[in-house]
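Heads up, the thing below is written out as structure tokens.
Side chains are part of it too, since the values below use all heavy atoms of this structure and drop only hydrogens, waters and symmetry mates. Just so it is clear, the structure is predicted and the values come from calculations on it, not from any experiment.
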Amino acid sequence: QVQLVESGGGLGEPGGSLTLSCQGSGKTYPFYTIGWFRHTAGKDREGVASINTSDESTYYGDSVKGRFSISRDAANHMVYLQMNGVKPEDTGVYYCATTIMYGGLQLSVYDTWGQGTQVTVSS
């Protein structure tokens, strides 16, 4: 099975940048989709960004389009979330997740999750 560990969370200034990392280890499968999700105050867990390993297609949640970017280092099983122009409403716990399916930001298809990393953007 795959294990996921997120890192890079912390305190960011409004308008600044943060980079989150997701390190995968253990057994992997072809055609994984890796996604970033977050749980912010007052909202259910929502999709932030995803990348499909088969064709490198990416998807972004409406609230982060134009600001966040997902990328990966396939050889090292690393996935990154570059967060630019962060806002206070981006504050929350960010999770990395994987699925063997070809997916976007649908929560139901993700079956392996990391522990989450806290991101705080000051007002």
Side-chain angles (χ1 to χ4, degrees):
Q1 297 294 320
V2 175
Q3 293 82 46
L4 304 173
V5 178
E6 303 96 335
S7 62
L11 178 64
E13 297 283 341
S17 297
L18 292 169
T19 301
L20 306 184
S21 299
C22 175
Q23 175 69 68
S25 62
K27 188 176 181 180
T28 59
Y29 301 89
F31 311 113
Y32 262 121
T33 304
I34 306 102
W36 285 99
F37 299 82
R38 69 184 184 186
H39 196 176
T40 59
K43 295 183 178 180
D44 294 330
R45 188 175 298 188
E46 63 178 342
V48 175
S50 70
I51 185 166
N52 298 118
T53 62
S54 60
D55 60 7
E56 309 299 329
S57 296
T58 58
Y59 300 87
Y60 295 95
D62 290 339
S63 63
V64 306
K65 286 181 179 178
R67 298 190 296 123
F68 293 5
S69 180
I70 188 171
S71 62
R72 73 187 188 109
D73 178 353
N76 293 297
H77 301 284
M78 293 286 291
V79 178
Y80 305 97
L81 183 69
Q82 180 66 47
M83 306 167 63
N84 297 323
V86 296
K87 305 174 181 179
E89 52 262 45
D90 293 322
T91 295
V93 179
Y94 285 69
Y95 301 88
C96 180
T98 63
T99 176
I100 63 172
M101 299 181 181
Y102 186 96
L105 299 175
Q106 301 87 351
L107 283 166
S108 62
V109 304
Y110 289 86
D111 49 23
T112 301
W113 294 80
Q115 84 288 349
T117 185
Q118 176 71 42
V119 170
T120 301
V121 181
S122 63
S123 60

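Cluster membership check: V109 shares its hydrophobic cluster with Y95, using side-chain heavy-atom separations under 4.5 Å among Ile, Leu, Val, Met, Phe, Trp and Tyr. In the hydrophobic clustering of ILVMFWY residues, with side-chain heavy atoms under 4.5 Å counting as a link, L81 and M78 come out apart.
Here the side chain of S50 pairs no donor or acceptor atom with the backbone of G35 at under 3.5 angstrom. No side-chain donor-acceptor contact under 3.5 Å links T112 to the backbone of T98. Y60 places a side-chain N or O within 3.5 Å of a backbone atom of I70 that can act as its donor or acceptor partner. At least one donor-acceptor pair under 3.5 Å links the side chain of T33 to the backbone N or O of M101.
Using cut-offs of 30° and 60° on the angle between ring planes, the pair F68 and Y94 is tilted. Between Y110 and F37, the two ring planes are perpendicular [angle over 60°; tilted spans 30° to 60°].
Of the N and O atoms on the side chains of S54 and N52, not one donor lies less than 3.5 Å from an acceptor on the other residue. Using modelled atom types, one finds no donor on one side chain facing an acceptor on the other under 3.5 Å when comparing D111 with T99.
Here L20 contributes atom CG and T117 contributes atom OG1; the two are 6.0 Å apart, rounded to the nearest 0.5 Å.
Side-chain contact between M83 and R67 is absent, with no heavy atoms from C-beta onward closer than 4.5 Å. Side-chain contact check for S69 versus N84: every heavy-atom pair is 4.5 Å or farther apart. Contact of the W36 side chain with the E6 side chain is registered, since non-hydrogen atoms from C-beta on lie closer than 4.5 Å.
For CG of D55, the number of neighbouring non-hydrogen atoms (other residues, nucleotides, ligands) closer than 6.0 Å is greater than 12.
Salt bridge K87/D90: absent, no basic N to carboxylate O contact under 4.0 Å.
Annotation: salt bridge (charged side-chain N to carboxylate O under 4.0 Å, His left out) contacts of E56 (sequence neighbours excluded): R72.
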